[in-house]
**Student:** 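Before anything else, here's the structure in question.
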2 protein chains.
Amino acid sequence: MEAGSSRYGSPEAAESQQLRGTNQSGMRDHNERLVLSLVRQSGALAKSDIARMTGLSAQTVSVIMRELEVEGLLLRQEPVRGKIGQPSIPMALNPEGAFFIGLKIGRRSAELVLIDFLGNSRAMLQNSYGYPTPRDTIDFVKSGIAEMRASLTREQDKRIAGLGVAMPFELWNWVDTAGAPREIMDEWRNRDIRADLQALFSFPVYVQNDATSACGAELVFGDIGTLRDFVYFYIGAFAGGGVVLNGRLYSGPTGNAGALGSMPVPGPGGRPTQLIDVASIAVLEKSLNAKGIEASYLWTSPEEWSDLGPELDSWIATASDALAYAIVASASVIDFESAVIDGWMPPAIRARMVQAVQSAIGKIDVEGLRIPSVREGTVGIHARAMGGASLPLSERFLIGSTAPSRGV
Amino acid sequence: MEAGSSRYGSPEAAESQQLRGTNQSGMRDHNERLVLSLVRQSGALAKSDIARMTGLSAQTVSVIMRELEVEGLLLRQEPVRGKIGQPSIPMALNPEGAFFIGLKIGRRSAELVLIDFLGNSRAMLQNSYGYPTPRDTIDFVKSGIAEMRASLTREQDKRIAGLGVAMPFELWNWVDTAGAPREIMDEWRNRDIRADLQALFSFPVYVQNDATSACGAELVFGDIGTLRDFVYFYIGAFAGGGVVLNGRLYSGPTGNAGALGSMPVPGPGGRPTQLIDVASIAVLEKSLNAKGIEASYLWTSPEEWSDLGPELDSWIATASDALAYAIVASASVIDFESAVIDGWMPPAIRARMVQAVQSAIGKIDVEGLRIPSVREGTVGIHARAMGGASLPLSERFLIGSTAPSRGV
DNA sequence: CAATAATTAAATCACTCTTATTTATTATTG
DNA sequence: CAATAATAAATAAGAGTGATTTAATTATTG
């Protein structure tokens with residue numbers, strides 16, 4: 001069985017690759033998603049605002065938004081007075097409009113998160129382990145989701161729109177690094193985890209690369225302003241990335257776009273190495289362990305690391321040099337506006353890394369390029385699970401990138 | 001005046017960035033483009049084929065294709081018999097359906113090409129120079145296009161759909177390399193060449209990066225089979241690239257996507273350098289000149305280079321190492337299916353380079369990546385001018401990437 | 001009260017879909 | 001080999017959907 005392309009995907013992944021025609025329901029669907037996307041971006045918008053922004057007629061927008069209000073996806077806000085003319089009525093997303101579940105499968109732990117339509121976390125569960133097994137993971141999901149659903153009203157439960165799973169690319173190749181038995185890893189390789197989970201639930205189940213998911217969380221829930229094209233790095237036990245093009249998460253033909261951990265970079269002494277070998281928490285842990293420093297709190301308390309001394313400083317330095325290099329290389333493939341860095345680390349450390357990366361970029365020859373600005377991620381440590389949850393949200397309620405032309 | 005984003009673009013570039021709604025004419029436009037794209041890809045297709053491929057109803061396809069036939073864009077072929085049922089009538093693109101003009105502005109010469117709807121070259125003009133000036137370029141375009149149009153019937157002339165200009169990113173930064181006076185280069189910087197050309201013609205004028213254009217030519221006219229995602233390298237006086245995502249040329253938010261010449265790569269001795277500094281014809285020329293070998297025929301006869309000896313061999317070796325590295329780095333940003341290499345060189349040399357690149361990739365650590373296959377470009381030396389011409393074709397007749405959902 | 005802007009009802013228009021029909025061809029039967 | 005059945009392509013007619021246009025209503029400012 002071919003791995004990869006069949007690993008990631010959605011219920012309809014198979015047919016979506018084909019070029020399809022558009023009909024009226026496709027047109028309406030597109031316009032509805034457009035309205036929801038704009039309202040999400042702006043907080044709240046009046047129908048007349050939407051009409052201006054989309055070029056649709058006021059009447060069309062009126063019909064669409066009334067329907068979205070009836071469906072419980074939009075909430076009427078207080079009329080805005082003070083301007084000439086009839087006061088406008090901003091429409092905001094209804095937090096209770098839909099719910100989404102995200103699952104992150106990591107090297108040391110799994111996370112389940114339940115979020116509402118605005119991306120607020122409503123419940124979160126964790127499960128730690130030495131290494132993940134399919135059986136335990138499915139048990140965790142089964143009981144965890146049951147517990148979460150018990151906290152919802154019947155009305156809310158009906159509005160669960162899907163489960164998104166964020167997991168690493170070819171997790172079964174961890175044999176060496178994770179200290180897991182080969183037969184467990186082979187189980188991961190040979191099992192279709194998406195299908196197994198789909199069998200448990202009536203809502204759709206999606207699977208996506210974990211770092212790509214984190215990137216999706218930044219896109220949908222993060223504070224990115226008008227940013228529409230960026231490259232994203234998530235520094236966890238390993239390092240990975242994601243790519244946003246034209247306001248849309250781009251996961252690539254095989255779902256492995258943004259495999260930035262595998263980017264070749266000049267290592268210590270100029271010898272080429274992979275980004276993941278210098279810019280990951282696992283490397284930091286190893287260097288601490290080598291000095292006899294116990295560092296398991298790196299995994300357990302990402303909100304606050306204790307004083308780490310010079311090992312941390314030199315890790316930040318080498319990791320940032322490599323990240324700077326990877327950003328420049330990425331910018332020569334796609335002219336990203338920004339590079340966003342987040343990870344399983346305290347915000348203060350993240351801020352130091354961003355600063356270090358910015359100054360490291362200054363030392364690289366960037367002629368012929370527009371260098372993306374470097375910023376911190378705004379979602380933080382739970383970005384992967386949140387990103388999993390963002391997947392059904394995007395699939396169901398958000399718009400694709402290239403706007404179909406409106407015609408004249 | 002801000003350079004870059006305002007440099008490249010189309011007549012409607014300003015508004016197209018906005019998220020627009022879709023209406024019926026947009027839907028029809030989309031479906032028409034879809035039909036034309038599929039017919040272009042397949043050579044000729046019956047209405048029933050299109051209906052199956054698009055998911056549109058047979059009747060809808062019938063109406064659309066009849067109209068395209070009346071407009072002279074499609075040609076009815078001989079009915080296909082031998083299968084059960086009524087014989088199908090394949091519809092092919094009408095070569096006379098539309099005409100396009102491409103202009104390449106290069107370091108040593110400009111090229112004008114007139115192509116038909118199938119991409120066949122109908123006329124080609126060249127203008128050599130030490131360095132390009134805006135005034136001479138516009139004169140060349142004016143007289144060249146007048147000459148080309150004189151060869152067309154009145155009917156054909158009416159079907160010219162646009163002019164596409166392929167020129168380097170920030171051409172005015174050639175001050176050092178091209179030996180051109182600063183004031184000429186500043187003229188390039190401060191002038192809006194697109195507007196100047198647009199003033200001369202009633203059809204739309206587009207401008208795009210030259211290597212991106214070459215990539216577009218490969219996409220639209222090349223023999224790429226079902227390839228839908230690839231990274232493209234064009235090795236000319238300088239080196240540049242392009243990116244195709246989901247079957248569509250991706251030029252990026254500032255039009256500088258695929259600036260692969262600026263990709264940092266390990267140079268001779270492991271010191272980081274830019275791809276352009278090892279993999280460009282200018283570098284080859286310099287190394288030949290250093291040995292006292294006159295090499296101006298590199299520019300004048302790209303179809304056949306004479307015996308070049310060891311300098312060529314070592315150039316191919318270093319260039320290929322760097323290309324291999326750039327391909328791996330690109331693959332960690334986007335999981336391209338293929339890397340396509342073309343350039344201003346004889347096909348035999350191109351073939352040697354591709355082979356060398358393939359074996360060089362084998363020596364790089366590619367864990368966690370799916371390595372794209374490496375292939376030769378199929379358009380060849382005139383890819384940039386052809387790509388310019390492909391720009392109005394794409395804008396007017398081809399489909400965007402993400403298929404708008406068809407709805408249920 | 002005049003001007004302005006938001007909103008929406010009603011009528012209209014454009015485009016696709018469904019259904020049914022016509023036409024052309026191959027496959028099968030006696 | 002002629003007659004019949006099966007299959008597939010193409011299209012006409014009518015229904016349905018959704019956006020647009022037009023015009024009216026409402027709420028506010030100055």
Side-chain angles (χ1 to χ4, degrees), chain A residues 19-35 39 44-71 74 76-92 403-408, chain B residues 19-35 39 44-71 74 76-92 403-408:
Chain A
L19 290 168
R20 320 272 2 231
T22 310
N23 60 12
Q24 283 99 329
S25 51
M27 175 169 72
R28 170 53 84 86
D29 181 73
H30 172 87
N31 289 338
E32 282 184 5
R33 287 164 180 265
L34 181 56
V35 168
V39 172
L45 289 171
K47 291 167 182 157
S48 52
D49 294 327
I50 300 274
R52 272 186 295 267
M53 295 166 91
T54 58
L56 293 170
S57 71
Q59 173 61 4
T60 298
V61 173
S62 179
V63 170
I64 289 175
M65 292 186 83
R66 201 182 322 158
E67 197 174 298
L68 292 174
E69 187 187 3
V70 169
E71 286 172 13
L74 291 180
R76 186 173 291 259
Q77 307 288 94
E78 275 307 297
V80 173
R81 295 161 209 278
K83 287 182 293 189
I84 297 179
Q86 178 166 333
S88 62
I89 302 177
M91 307 288 286
S405 59
R406 193 173 155 278
V408 276
Chain B
L19 291 167
R20 321 269 4 228
T22 312
N23 60 11
Q24 282 99 331
S25 51
M27 173 168 73
R28 175 55 162 271
D29 181 73
H30 172 87
N31 289 338
E32 283 184 5
R33 285 163 181 266
L34 181 57
V35 168
V39 172
L45 289 170
K47 292 168 183 160
S48 53
D49 294 325
I50 299 275
R52 274 186 294 268
M53 295 165 90
T54 58
L56 294 170
S57 70
Q59 175 60 9
T60 297
V61 174
S62 180
V63 169
I64 290 174
M65 291 186 83
R66 202 181 323 158
E67 196 173 299
L68 292 174
E69 188 186 0
V70 170
E71 287 172 12
L74 291 180
R76 186 173 291 258
Q77 308 288 94
E78 275 307 297
V80 173
R81 293 157 213 281
K83 286 183 294 190
I84 297 178
Q86 176 166 335
S88 62
I89 302 176
M91 307 288 285
S405 58
R406 192 174 154 279
V408 277

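Note: hydrogens, waters and symmetry copies are ignored here, and every other heavy atom, side chains too, is used. Naming: A, B, ... by sequence-line order, numbering from 1 per chain.
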**Student:** Which residues satisfy the salt bridge (charged side-chain N to carboxylate O under 4.0 Å, His left out) test with A:Glu71, sequence neighbours excluded?
**Tutor:**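 Partners of A:Glu71 under the salt bridge (charged side-chain N to carboxylate O under 4.0 Å, His left out) test: none.
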**Student:** With a 4.5 Å cut-off on side-chain heavy atoms, are B:Thr22 and A:Leu34 touching?
**Tutor:**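 Result no, sub-4.5 Å side-chain heavy-atom pair not found.
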**Student:** Please report the interatomic distance CD(A:Glu32) to CG(A:Leu68), rounded to the nearest 0.5 Å.
**Tutor:**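 Answer for the CD-CG pair, A:Glu32 versus A:Leu68, is 5.0 Å.
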**Student:** Take the protein atom CG of B:Leu56 and the nucleotide atom P of C:dT18, then report the distance between them rounded to whole Å.
**Tutor:**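 So the CG-P distance, B:Leu56 to C:dT18, works out to 11 Å.
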**Student:** If you only use heavy atoms from C-beta on, which nucleotide in C:dA6, C:dC15, C:dA27 is closest to the side chain of B:Gln24?
**Tutor:**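 Shortest atom-to-atom distance from the side chain points to C:dC15.
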**Student:** Between atom CE in B:Met27 and atom P in D:dG18, what is the gap in whole Å?
**Tutor:**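 For the pair B:Met27 CE and D:dG18 P, the rounded distance is 10 Å.
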**Student:** Per the salt bridge (Lys or Arg N to Asp or Glu O under 4.0 Å) rule, what does the pair list look like for residues 57-66 of chain B, sequence neighbours excluded?
**Tutor:**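 Every candidate salt bridge (Lys or Arg N to Asp or Glu O under 4.0 Å) pair involving residues 57-66 of chain B fails, so no pair, neighbours aside, qualifies.
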**Student:** State which of D:dT11, C:dA6, C:dC17 makes the closest approach to the side chain of B:Lys47.
**Tutor:**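 That would be D:dT11.
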**Student:** Output the rounded distance in Å from CG (A:Asp29) to P (D:dA19).
**Tutor:**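 Taking CG of A:Asp29 and P of D:dA19, I get 11 Å after rounding.
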**Student:** Name the closest nucleotide to the B:Ser57 side chain, picking from D:dA10, C:dA6, C:dT18.
**Tutor:**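 Output: C:dT18.
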**Student:** Output the rounded distance in Å from NE2 (B:His30) to P (C:dT16).
**Tutor:**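 It works out to 11 Å between those atoms.
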**Student:** Output the distance between atom CD1 (B:Ile64) and atom OG1 (B:Thr54), rounded to the nearest 0.5 Å.
**Tutor:**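 With rounding to 0.5 Å, CD1 (B:Ile64) is 8.0 Å from OG1 (B:Thr54).
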**Student:** At under 4.0 Å, does any side-chain N or O of A:Arg28 touch on OP1 or OP2 of D:dT17?
**Tutor:**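 Looking at the OP1 and OP2 atoms of D:dT17, neither is under 4.0 Å from any side-chain N or O of A:Arg28.
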**Student:** Show the distances under 3.5 angstrom between N or O atoms of the protein and N or O atoms of nucleotides 24-26 of chain D.
**Tutor:**
unit_1, atom_1, unit_2, atom_2, d
D:dT26, O2, A:Gln86, OE1, 2.2

**Student:** Residues two or more places apart in sequence or in another chain: which of them pass side-chain contact (heavy atoms from CB on, under 4.5 Å) with A:Arg52?
**Tutor:**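 Partners of A:Arg52 under the side-chain contact (heavy atoms from CB on, under 4.5 Å) test: A:Ser48, A:Asp49.
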**Student:** Go ahead and name the base partner of C:dG30; Watson-Crick or wobble counts if both distances stay under 3.5 Å, otherwise write none.
**Tutor:**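 Its partner is D:dC1 (Watson-Crick or G-U wobble, both distances under 3.5 Å).
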**Student:** Rounded to whole angstroms, how far apart are CG on B:Leu45 and P on D:dA8?
**Tutor:**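 Distance, rounded to whole Å: 18 Å.
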**Student:** For A:Ala58 and for B:Arg76, find the nucleotide of DNA chain D with the closest heavy atom, then tell me which residue's nucleotide is more 5'.
**Tutor:**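 The answer here is B:Arg76.
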**Student:** May I ask you to list the residues of residues 59-69 of chain B, by number, that have any heavy atom positioned under 4.0 Å from an atom of DNA chain D?
**Tutor:**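 Of all residues in residues 59-69 of chain B, the ones placing a heavy atom under 4.0 Å from DNA chain D are B:Gln59, B:Ser62, B:Arg66.
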**Student:** Please determine whether a side-chain nitrogen or oxygen atom of B:Ser88 lies at a distance below 4.0 Å from atom OP1 or OP2 of D:dA10.
**Tutor:**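 No, because none of the side-chain N or O atoms of B:Ser88 sits under 4.0 Å from OP1 or OP2 of D:dA10.
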**Student:** Write down the atom of B:Pro90, the atom of B:Pro79, and the distance for their closest heavy-atom approach.
**Tutor:**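 Taking every non-hydrogen atom into account, CD-CA, 4.4 Å.
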**Student:** Among C:dC17, C:dC15, C:dA24, which is the nearest nucleotide to the side chain of B:Pro87?
**Tutor:**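 Among C:dC17, C:dC15, C:dA24, the one nearest the side chain of B:Pro87 is C:dA24.
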**Student:** What's the CD-C1' distance between B:Glu78 and C:dA24, to the nearest Å?
**Tutor:**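 After rounding, the gap between these two atoms is 15 Å.
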**Student:** Examine D:dT20: is either OP1 or OP2 under 4.0 Å from a nitrogen or oxygen in the side chain of B:Asn23? Give yes or no.
**Tutor:**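 For B:Asn23, the contact criterion (side-chain N or O under 4.0 Å from OP1 or OP2 of D:dT20) is met.
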**Student:** For the atom pair CD (B:Gln24) and CE (A:Met27), what is the distance rounded to the nearest 0.5 Å?
**Tutor:**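 CE of A:Met27 is found 4.0 Å from CD of B:Gln24.
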**Student:** Roughly, in whole Å, what's the span from CG in A:Asp49 to C1' in C:dT7?
**Tutor:**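 Nearest whole value for this atom pair: 13 Å.
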**Student:** In whole angstrom, give the distance that lies between atom CD1 of B:Ile84 and atom P of D:dA9.
**Tutor:**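 After rounding, the reported distance stands at 11 Å.
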**Student:** How would you list, by chain and number, every residue that makes a salt bridge (charged side-chain N to carboxylate O under 4.0 Å, His left out) with A:Glu67, sequence neighbours excluded?
**Tutor:**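 Only A:Arg28 meet the salt bridge (charged side-chain N to carboxylate O under 4.0 Å, His left out) criterion with A:Glu67.
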**Student:** Against B:Ile50, only a single residue in B:Val39, B:Leu56, B:Asn31 fulfils side-chain contact (heavy atoms from CB on, under 4.5 Å); can you say which?
**Tutor:**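 Per the side-chain contact (heavy atoms from CB on, under 4.5 Å) rule, the option paired with B:Ile50 is B:Val39, out of B:Val39, B:Leu56, B:Asn31.
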